[in-house]
Amino acid sequence: MTATLSASGVSKMFGLVCALNEIDVHLSGGVVGLLGPNGSGKSTLLKLFSGQLTPDTGEVRVLGRDPFREPAVLRHLGLCPEQDRFYEELSGYDFVTALTRLHGLSSPEAKRATETALERVGMSADGHKPLRAMSRGMRQRIKIAQAIAHDPAIVLLDEPLNGADPIARADLIRLVQTLGDEGRCVLVSSHVLHEVEAMTHKVLIIRHGRLRAQGDFLALRELIADRPYRIRVGVEDARGFATALIALPHTCGVEVLTPVLLELKTTQLDLACADVARLCADRRTTVTHLTSPDADLESLYRYLMRDV
Amino acid sequence: MSEPNSTPVSSGSLATFWAIFHFRRNLRRKPLRRAAVFVALFSLALVGGLGQKFHLLPLVVLTSPALLALFFASGVLREEIEDQTLTYAYTRPVNRGHLYIARIVAAAGAVICLSFPMAFAAGLSDDLPTALRFGAVSALACLVYSAVFGLVGLLLRAAVPFSLAFLVLFDAPVSEVPGFLSRLTVQVHLRTLSGLPSSLSFLSKLGEPPEPLVSVVVLVALAVAAAGIGAWRVSTREVPLAKG
């Protein structure tokens with residue numbers, strides 16, 4: 001099956017700065033989070049996929065075609081750029097309608113599509129306001145509306161939650177999930193890890209222009225064998241419980257933090273949680289606290305961002 | 001979701017929409033609206049014979065389109081690059097060269113809106129055919145200069161000083177020089193078509209002006225070539241976009 005978005009051996013230089021270095025990415029349907037620190041090459045990758053840039057080496061394909069040399073393929077793609085820039089004198093509605101018409105929709109079709117898109121981003125009521133009078137969060141939603149109004153198969157979102165208030169963030173996260181559930185290929189660039197985690201488990205992690213990891217972050221976390229999971233367990237008799245845990249084969253270490261809290265280090269998170277539950281039942285004790293600071297996206301991200 | 005095989009709309013018709021969109025945006029701009037007020041008042045004065053009385057016809061018919069094109073057309077793409085709005089157009093299924101030509105046409109349209117009434121009014125103080133001729137020459141001048149200065153703006157960051165230097169140091173003075181060299185200027189062809197005499201009449205007797213048909217062909221070819229080169233450049237090379 002042809003990947004919807006594909007970059008093969010792609011490198012991109014800006015003068016002496018290597019923005020992307022031999023990147024290989026192949027994406028199909030669903031939501032994928034694009035993660036990396038500032039200057040890691042996330043926006044460059046999105047610009048390559050959206051036909052704004054052309055790679056120095058390698059090839060970029062959108063639905064099998066070169067987006068820079070064959071811009072016709074861009075009718076299947078919608079981009080929400082990072083920058084907060086618009087044709088300020090227009091209303092949000094006129095802005096989205098004009099850009100939708102530039103995708104080849106007739107005037108009535110573009111108006112219908114705009115109304116639908118504004119409704120999806122929660123801007124039906126405020127869409128006719130001038131853009132210059134809108135808040136940052138509203139403008140952000142207008143940018144997302146222009147990216148999805150023409151019903152594209154591919155949606156590229158560069159920091160889509162910037163400036164959005166908590167309620168709008170939750171709505172937009174749901175919208176991104178829905179776009180993915182509809183079978184679209186959605187690539188979301190963001191710094192905010194817990195928001196990406198709420199949208200998807202599939203991630204691309206870039207650092208210094210190189211792809212550090214690609215796939216389901218839970219599966220990726222399991223591959224990191226040299227860094228065991230930490231599980232914090234709150235029990236009445238932490239010392240006695242630690243003695244029982246140390247005997248388990250997957251336990252790497254146990255540290256008693258307080259008389260009622262211990263930290264277990266294990267190579268197998270699921271098995272360890274099951275064993276904690278079994279030991280509690282055997283010892284007729286109650287777990288008051290159970291967390292794993294290493295099982296989330298942030299822990300994977302921190303691991304991959306460290307200097308090797 | 002849209003079907004990947006659905007019939008696409010041609011890039012040319014999308015660019016036409018974009019030209020109309022930007023032409024309307026240009027008309028809404030404050031500098032153009034302010035200039036329109038001046039143009040309206042000045043045109044009334046020209047109808048009353050101000051042009052002949054103070055020898056303003058060359059300025060109105062030949063020079064004003066060049067200056068207006070310089071300020072409205074030389075920054076069409078750079079303005080969008082600096083505003084970071086070019087991303088929106090460049091991620092649409094339209095050939096970037098067509099988008100560039102659309103922006104040039106939109107800028108030329110706005111310049112014509114200012115220049116044509118003045119030239120027409122200046123000619124109207126003589127008779128209607130003169131008014132139409134002046135109007136047509138002015139419109140052609142707007143197209144040519146918009147295409148040329150648009151290309152300069154695409155190639156050079158300091159487009160305005162360069163274009164101004166081109167007008168002051170080459171186009172206007174060299175057009176007065178008799179012989180072949182003057183035919184390399186835009187002004188000499190516009191002067192031929194408008195029928196306006198050279199300001200240095202003693203020099204003009206030394207050489208024949210170009211044929212009107214030749215002048216039309218040269219000016220149209222220049223406009224097409226300048227727009228074509230600009231379109232080719234933006235469609236084959238990356239335009240520096242916003243940082244990121």
Side-chain angles (χ1 to χ4, degrees), chain A residues 14 19 38-39 41-44 46-47 49-54 63-64 67-79 81-90 94-95 98-107 110 143 146-147 150-154 156 158-159 179 182-184 189, chain B residues 1-33 79-100 102-103 106 231 234-244:
Chain A
F14 293 109
N38 284 338
K42 302 188 300 291
S43 292
T44 302
L46 293 182
K47 282 177 184 165
F49 279 137
S50 57
Q52 298 175 73
L53 298 174
T54 184
L63 297 169
F68 186 83
R69 287 180 181 79
E70 301 175 76
V73 77
L74 296 175
R75 70 197 169 103
H76 305 296
L77 183 144
L79 169 75
E82 183 183 8
Q83 64 268 20
D84 181 45
R85 298 304 180 102
F86 298 86
Y87 300 122
E88 298 284 349
E89 75 281 6
L90 300 180
D94 289 341
F95 179 76
L99 291 173
T100 306
R101 285 205 66 189
L102 207 52
H103 270 292
L105 276 72
S106 66
S107 179
K143 274 198 305 189
Q146 64 79 31
H150 59 290
D151 200 20
I154 302 156
L156 307 178
D158 200 351
E159 304 287 349
L179 291 171
E182 289 167 353
R184 294 172 215 270
S189 154
Chain B
M1 269 187 298
S2 56
E3 283 299 312
N5 294 324
S6 59
T7 314
V9 177
S10 78
S11 182
S13 46
L14 295 177
T16 305
F17 163 75
W18 203 233
I20 295 167
F21 172 78
H22 277 287
F23 174 63
R24 287 180 176 163
R25 281 191 71 218
N26 287 338
L27 294 187
R28 282 196 288 261
R29 286 180 171 189
K30 274 186 186 166
L32 196 130
R33 285 184 173 187
E79 190 179 88
E80 283 224 62
I81 293 168
E82 283 166 10
D83 287 350
Q84 301 183 8
T85 49
L86 195 61
T87 298
Y88 294 113
Y90 268 30
T91 53
R92 261 61 193 175
V94 192
N95 181 300
R96 285 183 291 278
H98 294 170
L99 287 173
Y100 169 76
R103 290 305 313 269
V234 297
S235 60
T236 54
R237 299 177 76 164
E238 290 171 357
V239 172
L241 293 160
K243 282 190 280 182

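So that the names make sense, note that chain A is the first sequence line, chain B the second, and so on, each numbered from 1.
One N or O on the side chain of B:E238 and one on the backbone of A:T54 form a donor-acceptor pair closer than 3.5 Å. Of the possible donor and acceptor atoms, none in the side chain of A:R85 sits under 3.5 Å from a partner among the backbone N and O of B:L86.
Contacts of B:S235 with chain A are made by backbone atoms alone, with heavy-atom separations under 4.5 Å and no side-chain atom involved. Contacts between B:R28 and chain A at a heavy-atom distance below 4.5 Å involve the side chain alone, from C-beta outward. A:F95 touches chain B through its side chain: at least one heavy atom from C-beta onward sits under 4.5 Å away, while N, CA, C and O do not. When heavy atoms are compared at a cutoff of 4.5 Å, A:Q146 approaches chain B by way of both its backbone and its side chain. Only the backbone of B:T236 has a heavy atom closer than 4.5 Å to any heavy atom of chain A. With a 4.5 angstrom heavy-atom cutoff, B:R29 does not touch chain A via any of its atoms. Proximity to chain A (any heavy atom under 4.5 Å) is shown, for B:S11, by neither the backbone nor the side chain. For A:L90, the part lying near chain B is the side chain, with the backbone staying farther off; criterion is any non-hydrogen pair under 4.5 Å. Heavy atoms closer than 4.5 Å to chain A are found in the side chain of B:H22, but not in its backbone. In this structure, no portion of A:K42 lies under 4.5 Å from any heavy atom of chain B.
Closest heavy-atom contact between B:R237 and A:F68: C-CZ, 3.9 Å. A:A98 and B:F21 get closest at one heavy-atom pair: CB-CE1, 3.4 Å. Between A:L102 and B:V94, the shortest heavy-atom distance links the atoms O-CG2, 3.8 Å. Closest non-hydrogen pair, A:Q83 versus B:Y88, comes out as O-OH, 4.4 Å.
Rounded to the nearest 0.5 Å, atoms OG1 (B:T91) and CG (A:L46) are 11.5 Å apart. For the atom pair A:R101 CZ and B:R92 CZ, the distance stands at 13.5 Å (nearest 0.5 Å).
Contact check for A:H103 versus B:P93: side-chain heavy atoms found under the 4.5 Å cut-off. Side-chain contact between B:Y90 and A:K47 is absent, with no heavy atoms from C-beta onward closer than 4.5 Å.
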